[in-house]
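Residue numbers start from 1 in every chain, and the chains themselves are labelled A, B, ... in the order their sequence lines are given, proteins ahead of strands.
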There are 2 protein chains.
Amino acid sequence: MKPIKSRQQTNGQVGEVCLKIGEVSQQTGIGIETLRFYERSGLLDRPERTEGGYRLYDASVLERLRFIRQAQVLGFSLDEIRHLITERKSGNRPCASVREIVQKRLTELDERMAQMRRYRRELATTLAEWDATGDKDGMICGLIEGTSIASAQPIEQKLRGRKK
Amino acid sequence: MKPIKSRQQTNGQVGEVCLKIGEVSQQTGIGIETLRFYERSGLLDRPERTEGGYRLYDASVLERLRFIRQAQVLGFSLDEIRHLITERKSGNRPCASVREIVQKRLTELDERMAQMRRYRRELATTLAEWDATGDKDGMICGLIEGTSIASAQPIEQKLRGRKK
DNA sequence: CTACACCCTGTAGCCAACTACAGAGTCAAG
DNA sequence: CTTGACTCTGTAGTTGGCTACAGGGTGTAG
């Protein structure tokens, strides 16, 4: 068992908790490599270091990571999250942007769900038809070849959609 | 304007249409690089070649490509499609596998749509709450920080899901 | 003092399905 | 024969969000 809270700050202030990267990882469930990746990506600030170069995080990193996870859950990309963080650091309250993005997400989501519903209906119909008919000869699979579906694009591409 | 049908096969048989890769691309809307990629991936057989090394496809490639596109539309991965093709070439009728995969897709789709519905509801609720309340101080964005959502995982990862 | 767990940097790999390029060769019209 | 569009191979890049090393250094319990 490691001491979770030790390592006082150099300024002698009492009670300031310093965390090594592994401890942060433990407490958040986010992998060490991912934490370093987030730092590289500008999502986490460069933390203090020991003389030996170990990262020493203070408790606020947990807050930040919770923010990141929460924003991800809400459908923000890391890119957008970094935007929010830097916007905030430059003094702005990014909530307007947030609202805008969420609104856009909502619209996208509706579109995608509509596509999925259509797709689902087609798939189910297709399957039902297949169950009712036999296979023809000379085809890789009459089921697929005999199917006619409106959409021109592979579904997965349509579902993935959101980039940039 | 290029001649769409010319280039008789070496065996002198009349009426056999030979297509250069660019013509196949034109007729299917699938990019040249993609066609070569499909060949590398084992989705297309190696076609005849001219003395100079140009690919000469016969009309059956169009059939095959239609099959591939159709299967993609139905949600099959290229990996699965290759499976179907080779299974067929080894003499089996892969329709049972097809049916199985489609069935699985359907289940996955239902799950994903359920997730999306939950997510949508959460997002909409959140947005409504935001509109009703102001922001707090000291946060990057009170909107995100103040939100509590059940799911532990970023939504996009959950939606992408299907790999292997 | 010696293990041994932990941490460091930097780079490369993963997934799927393409897409892009460099540098060379080929084909057909005029 | 020249021009220019087309094609060839082989390799590497794209997207997003990680994940996995290799090859070293650090911190600490016993």
Task: Residue Leu78(A), side-chain atoms from C-beta onward, closest of dT19(C), dT19(D), dG17(D) - done: dG17(D)
How close or far is atom [atom2] of [N] from atom [atom1] of [X], stated in whole angstroms?
| X | N | atom1 | atom2 | answer |
| --- | --- | --- | --- | --- |
| Phe37(A) | dT9(C) | CZ | P | 16 Å |
| Leu35(A) | dC8(C) | CG | P | 10 Å |
| His83(A) | dG16(D) | NE2 | P | 13 Å |
| Leu44(A) | dC18(D) | CG | P | 12 Å |
| Glu51(A) | dG27(D) | CD | P | 7 Å |
| Ile32(A) | dG17(D) | CD1 | C1' | 18 Å |
| Arg82(A) | dG17(D) | CZ | C1' | 12 Å |
| Lys20(A) | dG25(D) | NZ | P | 18 Å |

Open item on the list: Counting only heavy atoms not in Arg49(B) (residues, nucleotides, ligands), do more than 12 fall under 6.0 Å from its CZ?
Closed with: yes
Examine [N]: is either OP1 or OP2 under 4.0 Å from a nitrogen or oxygen in the side chain of [X]? Give yes or no.
| X | N | result |
| --- | --- | --- |
| Gln26(B) | dC6(D) | no |
| Arg36(A) | dT9(C) | no |
| Thr34(A) | dG17(D) | no |
| Thr50(A) | dG27(D) | yes |
| Tyr38(A) | dC18(D) | yes |

Open item on the list: Taking atom types as they are modelled, would you say the side chain of Tyr54(B) forms a donor-acceptor pair with the base of dC27(C) within the 3.5 Å cutoff?
Closed with: no
Open item on the list: For a quick check, tell me whether the side chain of Glu23(B) and the base of dC6(D) share a donor-acceptor pair closer than 3.5 Å.
Closed with: no
Open item on the list: Using a 4.0 Å heavy-atom cut-off, does Arg55(B) contact any base of the nucleic acid, only the sugar-phosphate backbone, or nothing at all?
Closed with: sugar-phosphate
Open item on the list: So Arg49(B), base contact, sugar-phosphate only, or nothing? Heavy-atom distance under 4.0 Å.
Closed with: sugar-phosphate
Task: Pairwise distance CG(Leu44(B)) to CD1(Ile68(B)) - rounded to 0.5 angstrom - done: 5.0 Å
Open item on the list: What's the separation between atom CZ in Arg66(B) and atom OG1 in Thr28(B), rounded to the nearest 0.5 Å?
Closed with: 10.0 Å
Open item on the list: Between Asp58(A) and Ser60(A), do the side chains contain a donor N or O and an acceptor N or O under 3.5 Å apart?
Closed with: yes
Open item on the list: Judged by each residue's nearest nucleotide on DNA chain D, which is more toward the 5′ side, Gly22(B) or Gly53(A)?
Closed with: Gly22(B)
Open item on the list: Against Asp45(B), only a single residue in Arg82(B), Arg55(B), Arg40(B), Lys89(B) fulfils salt bridge (Lys or Arg N to Asp or Glu O under 4.0 Å); can you say which?
Closed with: Lys89(B)
